[in-house]
Each structure stands twice: as C-alpha cells, then as structure tokens.
Amino acid sequence: MNNIGFRIIQNENTLNEELIERFRPLATSLLSDSMNRLHAIGHNLRPYHKEGKLIGCAFTVKTRVGDNLMVHKAIDIAKPGDVIVVEASGDLTNAIIGEIMVSIARKNGIAGFVIDGAIRDSGTVSKGTFPVYARGVTHLGPYKDGPGEINVPVSIDGMVINPGDIIVGDEDGLVAIPSQNAEQIIKLAQQQQEQEKIVLQSIEDGSIDRRWIDETLRQKGCDGL
Ligand SMILES: O=C([O-])CC(=O)C(=O)O
Ligand SMILES: [Mg+2]
C-alpha cells in the first residue's frame, strides 16, 4: 500500500566525522557564497539555542500544521548525527517541539533540529547547546494525530531540502548542500576563507586596496567623484 501523506521512507545517509570536521570552521556565509549566493534556507529561521554549530545529514519530516506525531517518530528512528528537518508550513500557531523532545533527541545523538514552524519551552532551549533553529515561538502545544511523512523532499523557507542533504547552521542561519557537492563547496569556501584572512590582515597593516570602489562608481557614471 502507498498511503501518500502517511509514509515512512528509510534514509541511510550519514556524514563521516572527517567531513564534519572540515565543515566546522567554515561559516555559512562562506558556504552560501560558494553556491553563488543563490542556495540558502531563508532568513526567517533563527537559532534558539545558546551557542553551537549544527552540522549533519538531513532526516526530513513533512507534517500537518501544528501536528508532531511524525516528528516524535523521527526522533526515535533517526540515526546519531542526523539533523531532523521539519516542514510544518511555516505556521506559528502550535509549537512542533519543546524541551522534552529536545531532551530525547539529544539523548539519541541527533545533531539538531530545523523547524519551519514554532517551538516552545524556549527558555530552556535557549540555555542549552543543542542546536535548534525555528521560525518562532508559541506556548500553544502540538496535536499528535498526523498526517505526516518521513524522508520526503521538504520546503524550508524557500529551499527544497532532500533527505541526506548536508545541513550547516551557525549564528547567521542555515545552508543545505547536496552531498555530492560537498568536496567542491568545502574547497571553494576554504579558498574564500583564506582570501578573507588576507583582506583582514591588510586592514590591520594599512595596505588594503580600496580603488575598486571608485573604479566601479566611475563605470556606473556616478556624479560627484
Ligand atoms: O508536547 C510536545 O510534544 C512538545 C513539547 O512541549 C515538548 O517536547 O516538551
Ligand atoms: Mg514541553
């Protein structure tokens, strides 16, 4: 039987430790620049935890607005290191997760949550280092009836996330990288990181070259130069 709207699909993707460590020093700004500033989860999802970077493979959940039955199932079956990514239509009426679900997820070795919807118990979540990104907060709790689906493509604030995509989150927000592009994106981001170090050093030693600004303005025909 294929009960569309009420399905659990297996997802064996994992991210090895070596790749995680190579992503760790790379800011989301470098990673999104390395995808031509076109691919990113939108700015509406913000971190609600105190600190700590999020890196892991997407374990996706599509759920009915305000319902978290399938999110509970996801917490029980996702692998250690997975990031549970929940499409809840961006609705903030009912919270999708709270302190108890965060505690179970942490205990199960889940890397973090990305919730395109609301969370609750934010006072506790905000004191911890377990990564939780969400669109907002409400004290109103979730229903637990479904429908919902696990490991289908989801849409998170303007970006399609496929199960197994690499999710990276920091203070600036979230990016998703198809796993087959990981090596290429890491290399490009490392190159930009080196370039930015050189720029920062040139600011310190006064050798920074700012001629490009006037050159660009001249090309635009700017008055008053
Ligand atoms: O009731 C729920 O499922 C959500 C919640 O508040 C918690 O996880 O603490
Ligand atoms: Mg709670």
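Every number for a ligand or one of its atoms is a count from 1 in the order of the listing.
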Among non-hydrogen protein atoms, atom 1 (O) of ligand 1 lies closest to Arg120 NH2, 3.1 Å
Check whether the side chains of Gln219 and Glu215 place a donor and an acceptor atom closer than 3.5 Å, and report yes or no.
no
Do Ser29 and Asp172 have side-chain N/O donor and acceptor atoms under 3.5 Å apart?
no
My understanding is that we take every heavy atom of each candidate and find the minimum distance to atom 8 (O) of ligand 1. Doing that for Lys144, Met101, His72, which one comes out nearest?
Met101
Thinking salt bridges, do Glu149 and Lys62 make one under a 4.0 Å N-O criterion?
no
Taking CD in Gln180 as the centre, count heavy atoms belonging to other residues, nucleotides or ligands within less than 6.0 Å. Is the count above 12?
yes
Ligand-residue contact atoms, ligand 1 with Gly98, heavy atoms, under 4.0 Å
4 (C), 5 (C), 6 (O), 7 (C), 8 (O), 9 (O)
Does any N or O of ligand 1 fall below 3.5 Å from an N or O anywhere on Ile100, backbone included?
yes
Audit row: Thr60, Asn162, side-chain contact (heavy atoms from CB on, under 4.5 Å) steps and yes/no:
CA-CA 7 Å; Thr60 65; Asn162 287 295; over 6 Å; no
Counting only heavy atoms, which portion of Val102 has something under 4.0 Å from ligand 1: side chain, backbone, both, or neither?
neither
Determine which of the N, O or S atoms in Asp121 is closest to the Mg ion (ligand 2) and give its atom name.
OD2
Give yes if a backbone or side-chain nitrogen or oxygen of Pro142 is under 3.5 Å from a nitrogen or oxygen of ligand 1, and no if not.
no
Can you find a side-chain donor-acceptor pair between Ser89 and Asp91 that sits under 3.5 Å?
no
